[in-house]
Amino acid sequence: MRFLSKARRAALHAAAVALAVTAGACYDFHLTGPEDAPPAASPNVVTVTIEYRQPNECVSASRCEDNVVFFASWMRPGAEFLLKADPGSHLWVGTAQNVPVNFPPSGEPYRVKVYDPYLRDTLTEGFSAERLVLGGQRVLAIDGSGGRNEAGLVYIDQQGQARNAY
């Protein structure tokens, strides 16, 4: 009986060794290829200069001394910024940083406009895309002309210049 138990023990030991050896040959569920996801490509961004020519006269009843504010659809809400007045003229200027390039056209054009306190009491409630220049290019394609939702439609190229939507 003791002999059988030694034989069994040896057989179990042999089976355990065989199992350990063959376990290394099992599929390890590792696929070939990179283990980490490739880094997301950052969008190509540029700096865009902005110029806005304010009308010569304020048609609002009050608050004509307020600043001009620039808005664009590439910005998150709350990221709009004030343009700076050029002393002695009705020109307001600014610079938009990190503007994603979308030209040649890919998707919808950007919507751009300003809030001008001189126009606050008009039908546009102060918003306008008229007299607006981005990257040296005058904005000509305007959507919603004459209303609060008026906006210029532009694409931005690699040089930071606006391209009017057609």
Point to revise | Output field: ring centroids F70/Y115 closer than 6.0 Å | key: no

Scan the side chains in residues 94-104 for donor-acceptor partners under 3.5 Å anywhere in the protein, sequence neighbours excluded, and list what turns up.
{"residue": "Q97", "atom": "OE1", "partner": "T47", "partner atom": "OG1", "Å": "3.3"}
{"residue": "N102", "atom": "OD1", "partner": "I156", "partner atom": "N", "Å": "2.6"}

Practice item. May I ask whether L119 and F71 are part of the same hydrophobic cluster, defined by side-chain heavy atoms of I, L, V, M, F, W, Y residues being less than 4.5 angstrom apart, directly or through others? Key: no

**Study point:** Non-hydrogen side-chain atoms of P55 and D116 separated by less than 4.5 Å
**Key:** yes

**Study point:** Non-hydrogen side-chain atoms of L83 and F81 separated by less than 4.5 Å
**Key:** yes

Practice item. Spell out, as yes or no, whether a donor-acceptor pair under 3.5 Å connects the side chain of N164 to the backbone of Q137. Key: no

Check your understanding: Looking only at heavy atoms, which two atoms of Y110 and S73 are closest? And how far apart?
Key -> CA-OG, 3.3 Å

Point to revise | Any side-chain heavy-atom pair of Q158 and N44 under 4.5 Å | key: yes

Revision key, fill the gap. Smallest heavy-atom separation, A129 atom then V112 atom, equals CB-O, 3.7 Å

Review point. Same hydrophobic cluster for V48 and L140, using side-chain heavy-atom links shorter than 4.5 Å among ILVMFWY?
Key: no

**Study point:** Separation between CD of E130 and OH of Y52, rounded to the nearest 0.5 Å
**Key:** 9.0 Å

**Study point:** Within-4.5 Å side-chain heavy-atom neighbours: T122 and V59
**Key:** yes

Check your understanding: Is there a path of hydrophobic side-chain contacts, each under 4.5 Å between heavy atoms of I, L, V, M, F, W or Y residues, that connects W74 with L153?
Key -> no

Exercise for review: Indicate yes or no for a side-chain donor-acceptor contact from D86 to the backbone of L91 under 3.5 Å, with no hydrogens or angles considered.
Suggested key: no

Review point. Residues two or more places apart in sequence or in another chain: which of them pass salt bridge (Lys or Arg N to Asp or Glu O under 4.0 Å) with E108?
Key: none

Review point. Are side-chain heavy atoms of R138 and L132 found at a separation under 4.5 Å?
Key: no

Check your understanding: How long is the span from the CD atom in E150 to the CZ atom in R111, to the nearest 0.5 Å?
Key -> 10.0 Å

Point to revise | Cluster check M75, I50: I/L/V/M/F/W/Y, side chain < 4.5 angstrom | key: yes

Review point. Are any of the side-chain heavy atoms of V133 and V139 separated by less than 4.5 Å?
Key: no

Can you give the donor-acceptor pairs under 3.5 Å from side chains of residues 61-68 to other protein atoms, not counting sequence neighbours?
{"residue": "S62", "atom": "OG", "partner": "R120", "partner atom": "NH2", "Å": "2.8"}
{"residue": "R63", "atom": "NE", "partner": "D66", "partner atom": "OD2", "Å": "2.9"}
{"residue": "R63", "atom": "NH2", "partner": "D66", "partner atom": "OD2", "Å": "3.0"}

Practice item. Scan residues 72-101 for pairs that pass disulfide bond (SG atoms under 2.5 Å apart), counting only residues two or more places apart or in two chains. Key: none

Check your understanding: Rounded to the nearest 0.5 Å, what separation is found between the CD1 atom of I142 and the NZ atom of K113?
Key -> 12.5 Å

Review point. What pairs with R148 under salt bridge (Lys or Arg N to Asp or Glu O under 4.0 Å), at least two apart in sequence or on another chain?
Key: E125

**Study point:** Residue pairs passing the salt bridge (Lys or Arg N to Asp or Glu O under 4.0 Å) test where at least one lies in residues 71-82, sequence neighbours excluded
**Key:** none

Practice item. Take Q54 and W92 through the test side-chain hydrogen bond (donor to acceptor under 3.5 Å, both in side chains) and record every step on the way to the result. Key: CA-CA 7 Å; Q54 195 171 44; W92 292 76; 3.0 Å; yes

